[in-house]
Amino acid sequence: MIDKLLAEDLYYHMVLGRQFEYAAKEHYMQGEISGFLHLDIGQEALSVAAMKAFEKGDVFSTYREHIMAMARGVSPKAVMAELFGRQTGVSEGKGGSMHLFDPSHFFYGGDAIVGGHIPNAVGCAYARKYQGNQSGVMVVFGDGATNGGAFFESLNIAAAQKLPLLFLCENNRYAIGTKITRVAPFEKQANKAEPYMPTMEVDGMDAIAVYEAVQKAQHYLEEGHGPLFLEAFTCRYEGHSVADANSYRSPQEMALCKQQDPIEKLKMHMLNVLGISSAQLETLEKRAQAEVDAAVNFAAQSPQPPLEARFDHLFAEGGNDAV
Amino acid sequence: MIDKLLAEDLYYHMVLGRQFEYAAKEHYMQGEISGFLHLDIGQEALSVAAMKAFEKGDVFSTYREHIMAMARGVSPKAVMAELFGRQTGVSEGKGGSMHLFDPSHFFYGGDAIVGGHIPNAVGCAYARKYQGNQSGVMVVFGDGATNGGAFFESLNIAAAQKLPLLFLCENNRYAIGTKITRVAPFEKQANKAEPYMPTMEVDGMDAIAVYEAVQKAQHYLEEGHGPLFLEAFTCRYEGHSVADANSYRSPQEMALCKQQDPIEKLKMHMLNVLGISSAQLETLEKRAQAEVDAAVNFAAQSPQPPLEARFDHLFAEGGNDAV
Amino acid sequence: MLYREALNKALDETMALDDNVVVLGEDVGLYGGSYRVTEGLVAKYGETRLIDTPIAELSIVGNAVGMAIGGLRPVAEIMTANFALLAFDQIINHMAKLHYMSAGKITLPMVVRFPQGVSKQLAAQHSESYEQMLAAVPGLIVLAASDVNYAYHALKYAILRDDPVIFIEHELLYNKKGEIDFAAKLDPLKARVVKAGKDVTIVSYLKMVDDVMKAVPLIEEKLKVSCEVIDLCSLNPVDYETLAASLEKTGRLVMVEEDHRTGGYGAQIVSWAAEQMFYALDAPPLRIAGEDIPIPYNRQLELASIPTPESIAGEIITWGEKHGI
Amino acid sequence: MLYREALNKALDETMALDDNVVVLGEDVGLYGGSYRVTEGLVAKYGETRLIDTPIAELSIVGNAVGMAIGGLRPVAEIMTANFALLAFDQIINHMAKLHYMSAGKITLPMVVRFPQGVSKQLAAQHSESYEQMLAAVPGLIVLAASDVNYAYHALKYAILRDDPVIFIEHELLYNKKGEIDFAAKLDPLKARVVKAGKDVTIVSYLKMVDDVMKAVPLIEEKLKVSCEVIDLCSLNPVDYETLAASLEKTGRLVMVEEDHRTGGYGAQIVSWAAEQMFYALDAPPLRIAGEDIPIPYNRQLELASIPTPESIAGEIITWGEKHGI
Ligand SMILES: Cc1ncc(C[n+]2csc(CCOP(=O)(O)OP(=O)(O)O)c2C)c(N)n1
Ligand SMILES: Cc1ncc(C[n+]2csc(CCOP(=O)(O)OP(=O)(O)O)c2C)c(N)n1
Ligand SMILES: [Mg+2]
Ligand SMILES: [Mg+2]
């Protein structure tokens, strides 16, 4: 059950996430951030609640991962500084928006190859099982990834080996401009997992539902039953990346999708069911905004990495001298 | 329904196939044939009956394709000469056992990358649909191929595009020494196709059953319903290739599997149901043996390709001069 | 006309000419292509000829191979070269080999378009160049389009030729301006002398041709030399004749490429010159290439990882002074 | 001891040393490996450490990356190099880049074993070599084992090193005999002077080292020279120091490789020599390599497509005579 404290935590991170994304967009427009910037606005419920619920396990994600990384515990400063490409960024300016990694928070990316991280998550789940670690692994991917070989091979292997792996499909129905039903024979991608493992579906715009579903999933993994598939339907409010004009979705479609706003939904629940006051919510919102402002300041004032830093981290052993 | 004439044709090609494979093995031992030689002994029912039933369509197959090529209409001489690496071989000595191609018989390989030909079959099915050709495409692959990304992507695309494509899985339960149930969560690989298309199962050791199933499948394709999956359980009698000692299967398992010999089964049906005399069968057997002997003679007496032939066929246009 | 418009025009004209030409790839249809190369074509030719595929690069190329077997002339688009690694089995084991292995029985008239290179801060998984791998595969024609005119003529040639062609584009060139010379009889397999000169031969291709041209005035001024600039255009086969003629004249070779130095494509050109033009060379050849590191996100680090007009000029001037050129 | 036994021993010892070492691949467990490299190990270490995988190369490497992230030291076997093309995305976009992109936060102690090369009549889809592609990828260590002693020491080194290593084996070497020098402190990143000499430096690696050594007596007799034969051992990084020292002495370079000539790995070595050792070279370098064609099945065509001891001797003698060596 979701108590006040948890609801506040979810709300705080969702608001933080959204403000963070808007700030990132703004600084992209101003030229401080470059490359591909994929905003997660509209999908905060999934990104925050899944991470919070899966606290004990390992997580692998995609290039649309700012909010997830922060919900995992990575500081907004380190994320924003990475977007700015600064030395203080979580990947020291080498990775950028699509490549946030923080093993200290069991967060392993940030991968820019659609579906490419899924086999990595399978391997990590193998390691965890081998080590007798019961918390399991969660891999987050989009509907677009469910058409690629990497995804399918992973379903089969995870099932054959009974690995503690939660497949979390964030189905926002689009891969850039291509609607999922144009390139797959159905809208529900959980169908594809059916031969291999139990599947669940959840409203990805409902933070509490997501939290409960992922929590249930983690228990299932802990009990050693093998992998599980969870599909969450969501909606991204922005274009695929900041460079995408989003012209393939009608205003009507966008309006419909925004009616289910995940932050509003959680807010209503907190006000009406949990009895949290709007003043309390406002406090959280302000704290989030302050954190984002601080992150932007931090990023803007952080140094560029020195040019020689580009030769660092090619190898772990002996640095560059080893080779 | 299978009439006498058709039964005789199937029987002839199955016996021809088996004798051909034994002859190939013998000449491999004598060093006339080299490389990887994958014998199809035990699986003749599937290889012959599926090809005969799918006569009008295009076929893509694997490296275990000698018998299929011959059932398609490629002459045993051209196949044996290819195994011998001779100029007169169906691929002029460039391809060998694993790479028999004959577009004049709508037979497109002969591919040595497990699963690699499946996306090609999908593309060909697209072309056929585009051209308004209703006969469709059949792609044959082993149980081992059903774990690879190429296979899965193909299921999804064929279903999304409603392509006239028959997926024919030859499930002999082994990929080299690995039993399918050790690397997939179930024995029946048709399960994997279930979300995408109708599936059928057939006894791959029963030529008549295979014939009827594939014929039904072709009608289904012709009617424009989209793809179909047919799984045939078979048993290969030999090792994976001539180089494989087959030590991972017990004598009991082998004995059990040989009890269902496809040639014996068809023979019994012909004798007992169709009223064909054993003398007639013997005539067919002798004709097959003569054909195999002739093929071996032809191959042995055929010239080696000239050394300069290795530069031919790099490009279609302008030969080597174009580049 | 823009480079991407020239590509669009080449597609449009060949599609109009031959119903067998079909285009497939991610977002090539309704969306118009992520670099807008296929814009407007779906309206003209419909969804059966502008095929929006799922994100499945292995299948994109694998299906194209099958379409070609089935009699079509597919033009496959890989959204960005890095993703093509997922299709390397189809490109190398199938597309490049089926014609040869079948002794010519199977013919594959097909093109795979490859936007590649370091764009702007796309980081290591979106910034690579694979010509060194692809030009080393027997059975593939590999073309690299550095300007509008070549892009147009070469893409038409690639589509109409009965062989598998890898068609490389650079992501920073899509908005490059230029004119198409419709009257010209351009042979896409021949190298192009972009600028004639007599003292130093600078060989390059794709976007680096522009960067070399920007560097040339400074080099000529500082070293008091005249540079001959050659755009290879076809990376396999290579037009060694044009290179040889230039080296006979200049005696000095500089090879410029954007890709990582170690094992980069330029090594082939320089090693050829060392073997075949040894006695013509008056100075050690110079290779200018990217650093041997994954491309970092930070803009300054990124730019420091690849040749720029400034670094090209700088390296050539230092080299020239050292060797008394 | 055989080469494959030396590899087996290296696996066995590292597995005994460290529970985190696991082996994965097709038929590596119960079957013992298609070239018998993993024979007997499953009996000792069980099926959780000798992992039989499905035929899914992308996953084999992709899972190994994840295992390494999870704290294991995976050794992945690709049955034959050609199939590795299916895993190129994982090798190049993930295995080679995650350490760098994460600024060192992710460490990948892992090995991918690569049996490759022209064996005997396996035809074009089973005969390739990919060192030219892999040695060009920043972030990978690429080793090539030409003999028993190196195979043993280098594989142990590869497994115990905290970085991603591509470990190349040649399919025709598995039954090669040799001794392991257990006392030796071998540095797997250093090139090995197989035979000292003073007139011609012949550089090679993998199986070609043996073929070169077979050719040397004839060359030395015909040309009246003494050859220095160098086995590169590590293809990336390259031990240029050893090469430079040899070239300073001999002034002549021959590079021998089995792979196709155009864009082959040897181009990197020859281009390096042309750039860095130009004034030391007394004759044009010579590259000996395979033909630019897919490998044909027919034995005579196959042999004519790659260097053999006879063709190596022949080419070097012709070259030597032409250049007055
Ligand atoms: C293998 C690969 N192919 C193509 C791309 C280009 N690309 C980046 S994101 C994307 C769409 C992914 O859609 P989806 O998986 O649904 O995730 P979403 O963006 O909706 O979160 C594509 C095609 C890529 N990064 N990797
Ligand atoms: C991509 C790829 N990986 C591995 C191999 C090596 N290999 C050849 S056949 C084979 C087993 C295939 O088994 P299956 O698909 O069941 O076909 P069967 O041999 O039983 O007919 C393997 C692993 C290959 N040829 N291609
Ligand atoms: Mg999506
Ligand atoms: Mg099988």
Side-chain angles (χ1 to χ4, degrees), chain A residues 58 60 82 87 89-96 98-104 107-113 115-131 133 137 139 148-150 152-154 156-157 160-161 305 309-310 312-320 322-323, chain D residues 19-20 22 24 48-49 51-74 76 86-87 89-90 92-110 138-141 160-165 189 234 236-239:
Chain A
D58 301 282
F60 290 73
E82 188 57 33
Q87 176 74 22
V90 65
S91 305
E92 300 181 17
K94 286 204 157 71
M98 305 194 283
H99 303 296
L100 309 173
F101 301 90
D102 194 346
S104 73
F107 188 77
Y108 303 100
D111 198 276
I113 303 300
H117 60 309
I118 307 180
N120 302 345
V122 171
C124 189
Y126 189 93
R128 293 294 168 258
K129 186 176 175 183
Y130 180 84
Q131 291 153 346
N133 175 329
V137 176
V139 58
F152 291 113
E153 291 184 2
S154 298
N156 185 60
I157 293 173
Q161 304 243 18
R310 70 188 187 281
D312 296 342
H313 307 304
L314 190 57
F315 293 109
E317 258 187 41
N320 314 305
V323 294
Chain D
D19 278 355
N20 288 318
V22 298
L24 69 161
T48 52
R49 295 185 66 192
I51 308 161
D52 280 327
T53 67
I55 306 170
E57 283 77 7
L58 182 71
S59 285
I60 293 175
V61 179
N63 293 353
V65 167
M67 289 171 175
I69 289 176
L72 304 183
R73 287 188 176 274
L86 287 159
D89 168 63
Q90 285 296 332
I92 298 177
N93 279 328
H94 296 84
M95 177 178 170
K97 295 200 178 99
L98 288 183
H99 183 70
Y100 186 85
M101 291 197 306
S102 71
K105 286 202 166 67
I106 285 181
T107 294
L108 299 177
M110 62 179 286
L140 299 179
I141 305 283
L160 299 176
R161 183 171 168 149
D162 279 344
D163 288 300
V165 178
L189 303 186
S234 172
N236 192 14
V238 176
D239 173 10

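Chain letters run A, B, ... following the sequence lines, proteins first and then strands; every chain starts at 1.
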So which part of [X] gets closer than 4.5 Å to some heavy atom of chain A, the side chain, the backbone, both or neither?
X        : result
D:Pro138 : both
D:Leu140 : backbone
D:Ala64  : neither
D:Val22  : side chain

Salt-bridge criterion met for A:Asp312 and A:Lys94 (N-O under 4.0 Å):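 No, no charged N to carboxylate O under 4.0 Å.
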
Start with the C-alpha distance between A:Asp58 and A:Arg128, add both sets of side-chain angles, then the distance that settles salt bridge (Lys or Arg N to Asp or Glu O under 4.0 Å), and finish with yes or no. CA-CA 9 Å; A:Asp58 301 282; A:Arg128 293 294 168 258; 2.6 Å; yes

Only pairs of heavy atoms separated by less than 4.5 Å count here; which of D:Ile60, D:Ile51, D:Asp239, D:Leu24 has the most with chain A?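 Top option by heavy-atom pairs under 4.5 Å: D:Ile51.
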
Give the member of D:Gly70, D:Ala103, D:Ser234 that has the highest number of heavy-atom pairs under 4.5 Å with chain A.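 Winner by heavy-atom pair count: D:Ala103.
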
Which residue in the set D:Asp19, D:Asp162, D:Asn20 passes side-chain hydrogen bond (donor to acceptor under 3.5 Å, both in side chains) when paired with D:Arg73?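 Checked D:Asp19, D:Asp162, D:Asn20 against D:Arg73; only one passes side-chain hydrogen bond (donor to acceptor under 3.5 Å, both in side chains): D:Asp162.
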
A:Gln161 versus chain D, heavy atoms under 4.5 Å apart: side chain, backbone, both or neither?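 Answer is side chain: those atoms of A:Gln161 sit under 4.5 Å from chain D.
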
Side chain, backbone, both or neither: which part of A:Asp111 has a non-hydrogen atom closer than 4.5 Å to chain D?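 Only the side chain of A:Asp111 comes within 4.5 Å of chain D.
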
Measure the spacing between CG of D:Leu98 and NE2 of A:His313 and express it to the nearest 0.5 Å.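 That separation rounds to 14.0 Å.
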
Pairs satisfying side-chain hydrogen bond (donor to acceptor under 3.5 Å, both in side chains), at least one member in residues 95-104 of chain D, at least two apart: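 Every side-chain hydrogen bond (donor to acceptor under 3.5 Å, both in side chains) pair that includes a residue of residues 95-104 of chain D, provided the two are not neighbours, is C:Glu128-D:Lys97, D:Asn93-D:Lys97.
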
For D:Ala87, does its backbone N or O pair with a side-chain atom of D:Glu57 as donor and acceptor, under 3.5 Å?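 Side chain of D:Glu57 to backbone of D:Ala87: no pair is present.
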
Over all heavy atoms of both residues, which pair between A:Ser91 and A:His99 is shortest? Give the atoms and the distance, please.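 Smallest heavy-atom distance, with atoms named: OG-O, 2.8 Å.
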
Look at A:Gly109, A:Ala127, A:Gly89 and state which one has the largest set of heavy-atom pairs under 4.5 Å with chain D.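 The candidate making the most pairs under 4.5 Å is A:Ala127.
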
Report the option among A:Gly110, A:Pro119, A:Ala150, A:Ala112 that has the most heavy-atom pairs separated by less than 4.5 Å from atoms of chain D.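 Top option by heavy-atom pairs under 4.5 Å: A:Pro119.
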
